[in-house]
Colleague: 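Sending over a structure as structure tokens; questions will come in a sec.
The analysis underlying the following values was restricted to heavy atoms, covering all of them including side chains, and did not include hydrogens, waters or symmetry mates. Nothing here was measured: the structure is a model prediction, and the numbers come from that model.
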Amino acid sequence: MRKSHPVRRVVLATAATVSGVVLLLSLKPASDPAAASAAGAAPQQTAAGQESPQGGARGAAPAGSGTVTGDAAQTQYGAVQVRLTVSGGKITKAEAVQAPKGGLSDQKTQLAVPRLNQEAVAAGTADIDSVSGATYTSEGYKKSLQSALDRVKPASSGTPGGGGAAQARTVTGKAVQTQYGPVQVRIRVSGGKITEAEAVQAPKGGLSDQKTQLAVPKLNQEAVVAGTADIDAVSGATYTSTGYRQSLQSALDQAGG
């Protein structure tokens, strides 16, 4: 019987050992950190994709959309605060998160707030009518509504080339008391210029109605043309004109103009 050569036995033993190690490594589960990280990478990316199927991070509202809450406006009977739901720059829902309470205020709030909410959605601005019998609540509502509208981010501000539209904003000046009633001006500013002016409050009743109808359109037009509060008073409506200019300057100060 031929004897095995010693060198050959060593070679065969070494080969068997290497084969065994390779087999063990191929069967070993990927439990080391690097393998685990590689294995978990794909599911993590999938989860991130599911987080925002519409694009953008979860909870981040698109420009011109989301929920905004106005400042709490103090009235003689309590605070009024309005919250808006906005989509594409338009009001889709309005609600009063604060309103006067207690006694007769409960009845007035129940009467006024639903109407004011409805008008805010329909108008899309704070230029809405007061509810008869709930004047203080109505005025407070409009102030808080305007505050909320001022916080709405323009829908085009996040798009390329939308810089000009992003700068457009609406500001309301302070209500200026005159001998015949308050005057309050709201302006729309774009690119540092007044593009629209309107009186949200003006003297009412009796002869004041005629003077307001005569003066306000002219004052609105002059405000847009001049771009400043340095506009001429309308003859026969001196008090209204003076109050208008003061409120207009207040609005311009807020707009940075």
Colleague: Write down the atom of Gly140, the atom of Thr75, and the distance for their closest heavy-atom approach.
Modeller: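 Closest approach of Gly140 to Thr75, heavy atoms only: CA-CG2, 3.9 Å.
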
Colleague: For Gln177, I'd like to know if atom CD has over 12 heavy atoms of other residues, nucleotides or ligands within 6.0 Å.
Modeller: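 Yes.
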
Colleague: How long is the straight-line distance from OG of Ser190 back to CZ of Arg169, given to the nearest 0.5 Å?
Modeller: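 Answer rounded to 0.5 Å: 12.0 Å.
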
Colleague: If you look at every heavy atom in Thr67 and Thr85, which pair is closest and at what distance?
Modeller: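 Shortest heavy-atom contact: OG1-OG1, 4.0 Å.
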
Colleague: Just so I know, are the side chains of Arg186 and Thr125 near enough to count as touching, which here means a heavy-atom distance under 4.5 Å?
Modeller: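 Heavy-atom side-chain distance check passes, below 4.5 Å.
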
Colleague: With no hydrogens and no angle check, do the side chains of Gln213 and Asp209 hold a donor and an acceptor under 3.5 Å apart?
Modeller: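 Distance-only check fails for Gln213 and Asp209.
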
Colleague: Is it true that a side-chain atom of Ser144 and a backbone atom of Asp71 form a donor plus acceptor pair closer than 3.5 Å?
Modeller: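 A pair under 3.5 Å: yes.
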
Colleague: Ignoring hydrogens and geometry, is there a side-chain-to-backbone donor-acceptor pair from Thr178 to Tyr239 under 3.5 Å?
Modeller: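 Judged by distance alone, no pair lies under 3.5 Å.
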
Colleague: Between the main-chain N or O of Asp129 and the side-chain N or O of Glu119, is there a donor-acceptor pair closer than 3.5 Å?
Modeller: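 At least one qualifying donor-acceptor pair exists.
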
Colleague: Is it possible for you to say whether Val131 and Val121 belong to one hydrophobic cluster, with membership spreading through side-chain heavy-atom contacts below 4.5 Å?
Modeller: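 Per the 4.5 Å side-chain linkage, Val131 and Val121 are co-clustered.
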
Colleague: Transitively linked via ILVMFWY side-chain contacts under 4.5 Å: Leu116 with Val152?
Modeller: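 Yes, Leu116 connects to Val152 through the hydrophobic network.
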
Colleague: Would you give the length of the straight line joining atom OG1 of Thr240 to atom CG of Leu219, rounded to the nearest 0.5 angstrom?
Modeller: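 Going from the OG1 atom of Thr240 to the CG atom of Leu219 covers 8.0 Å.
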
Colleague: Look at the side-chain heavy atoms of Ile, Leu, Val, Met, Phe, Trp and Tyr, link any pair under 4.5 Å apart, and say whether Val200 and Val176 land in one connected group.
Modeller: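 Shared cluster, no.
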
Colleague: Do the side chain of Gln81 and the main chain of Thr69 share a donor and acceptor less than 3.5 angstrom apart?
Modeller: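 Side chain of Gln81 to backbone of Thr69, a donor-acceptor pair under 3.5 Å: no, none is there.
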
Colleague: Do the side-chain N and O atoms of Thr195 and Arg188 include a donor-acceptor pair separated by under 3.5 angstrom?
Modeller: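 Note: Thr195 and Arg188 side chains miss the donor-acceptor criterion.
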
Colleague: Is there a donor in the side chain of Ser130 and an acceptor in the side chain of Lys142, or the other way round, less than 3.5 Å apart?
Modeller: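 Distance-only check passes for Ser130 and Lys142.
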
Colleague: Quick check: does any side chain N or O of Thr92 sit under 3.5 Å from a backbone N or O of Ser87, one acting as donor and the other as acceptor?
Modeller: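 No; judged by distance alone, with no hydrogens or angles, the pair does not exist.
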
Colleague: Quick one: do Val82 and Ile128 end up in the same hydrophobic cluster if we chain Ile, Leu, Val, Met, Phe, Trp and Tyr together by side-chain heavy atoms under 4.5 Å apart?
Modeller: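 In one cluster with Val82: Ile128, yes.
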
Colleague: Answer yes if Ile187 and Val224 sit in the same cluster of Ile, Leu, Val, Met, Phe, Trp and Tyr residues linked by side chain heavy atoms under 4.5 Å apart, and no otherwise.
Modeller: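 The answer is yes; both residues are in one hydrophobic cluster.
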
Colleague: Any chance you could measure Asp230, atom CG, to Leu252, atom CG, to the nearest 0.5 Å?
Modeller: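 Output value for this atom pair is 11.0 Å.
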
Colleague: Say you draw a straight line from CG of Leu149 to CG of Asp127; how long is it, rounded to the nearest 0.5 Å?
Modeller: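 Between atom CG of Leu149 and atom CG of Asp127 there are 11.0 Å.
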
Colleague: Would you confirm whether Thr212, through its side chain, and Ser208, through its main-chain N or O, come within 3.5 Å as a donor-acceptor pair?
Modeller: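 Looks like yes, one N/O pair under 3.5 Å.
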
Colleague: Among Gln246, Gln201, Lys143, which one satisfies side-chain hydrogen bond (donor to acceptor under 3.5 Å, both in side chains) with Gln184?
Modeller: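 The residue from Gln246, Gln201, Lys143 that satisfies side-chain hydrogen bond (donor to acceptor under 3.5 Å, both in side chains) with Gln184 turns out to be Gln201.
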
Colleague: Counting C-beta onward and ignoring hydrogens, is there a side-chain heavy-atom pair between Val185 and Thr172 closer than 4.5 Å?
Modeller: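 Heavy-atom side-chain distance check fails, nothing below 4.5 Å.
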
Colleague: Quick one: closest heavy-atom pair of Ala197 and Tyr244, and the distance?
Modeller: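 Closest pair (atom of Ala197, atom of Tyr244, distance): CB-OH, 3.6 Å.
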
Colleague: OG of Ser250 to CZ of Arg245: how many Å apart, nearest 0.5 Å?
Modeller: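 Nearest 0.5 Å value for the OG-CZ distance: 15.5 Å.
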
Colleague: What is the minimum heavy-atom distance between Ala148 and Leu84, and which atoms define it?
Modeller: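 Minimum heavy-atom contact is CB-CD1, 3.7 Å.
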
Colleague: Indicate yes or no for a side-chain donor-acceptor contact from Thr242 to the backbone of Thr238 under 3.5 Å, with no hydrogens or angles considered.
Modeller: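 Looks like yes, one N/O pair under 3.5 Å.
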
Colleague: Would you compute the distance between atom OG1 of Thr170 and atom CG of Asp150 and round it to the nearest 0.5 angstrom?
Modeller: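 Answer for the OG1-CG pair, Thr170 versus Asp150, is 7.0 Å.
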
Colleague: Compare every heavy atom of Ile194 with every heavy atom of Ala223, then report the nearest pair and how far apart it is.
Modeller: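 Looking at all heavy atoms of both residues, the shortest contact is O-CD1, 3.5 Å.
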
Colleague: Ignoring hydrogens and angles, tell me if any N or O in the side chain of Gln76 forms a donor-acceptor pair with the backbone of Tyr136 under 3.5 Å.
Modeller: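 Pair absent, no side-chain N/O of Gln76 close to backbone of Tyr136.
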
